[in-house]
Amino acid sequence: MATKAKPAETTENIEESALKELFVDELKDIYWAEKHLTKAIAKMAKAATSDTLRDALTNHKSETDNQISRLEQVFEIVEEKASAKKCDAMAGLIEESEGIVEDTEDGTLTRDVGIISAAQKCKHYEIASYGTLRTLASTLGYADAAKLLEETLAEEKKTDDLLSKIAESTINPKAKKEKK
Ligand SMILES: [Fe+2]
């Protein structure tokens, strides 16, 4: 016979709340993801064919460094030590991006199309993570942390849009003509 789950214990104290623990866990996850992504983006920039894509990825690297320091401020606000916990999802996405570079020819725009695809998959993971983190920060009453997370969320969405524009306006139409 199935036993009925006990109702969860509740607390008014944020420090004791299970939701705060989950929030901090998610912070550690994205902290790991950002730190590894900054290295992966540098590699993608080096492998890119077009200057447009390389410039966009290089700018993005400094943006990511900024996002890492924003996360450190968030850890401080919620009075937790900044630490990273391996993000399996981002590790997988980074591995995929390396596979795309290996599987495409150096100096082709087809490679750039692949790099954009890989970078956008990373962006979408970040957009989902920062959206949740921003909302949880405000639920838990950390308004300043929510503001910082919102800033990063807006940047991530902007980068995603920029990558779409680069692909659609120049890279995809030219890549279409390349032979396999
Ligand atoms: Fe980011």
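One-based numbering, in listed order, for ligands and for the atoms of each. Bear in mind the structure is a predicted one, so any value in this text is a computation, not a measurement.
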Exercise. Do E26 and T132 have a side chain donor and acceptor closer than 3.5 Å?
Worked result: no

For this session: Could you tell me which residues satisfy side chain to side chain contact (heavy atoms under 4.5 Å, CB included) with T38, sequence neighbours excluded, listed by chain and number?
Result: K61, T64, D65, I68

For this session: With 2.8 Å as the limit, jot down which protein N, O or S atoms are around the Fe ion (ligand 1).
Result: E34 OE1, E34 OE2, Q67 OE1, E126 OE2, E156 OE2

For this session: Classify the ring geometry between F75 and Y31 as parallel (under 30°), tilted (30 to 60°) or perpendicular (over 60°).
Result: perpendicular

Exercise. Are any of the side-chain nitrogens in E126 or K123 under 4.0 Å away from the carboxylate oxygens of its partner?
Worked result: yes

Exercise. With E155, which residues qualify under salt bridge (charged side-chain N to carboxylate O under 4.0 Å, His left out), at least two apart?
Worked result: R70

For this session: Return the set of residues passing side chain to side chain donor-acceptor pair (under 3.5 Å) with T11 (not counting sequence neighbours), or none when no residue passes.
Result: E16

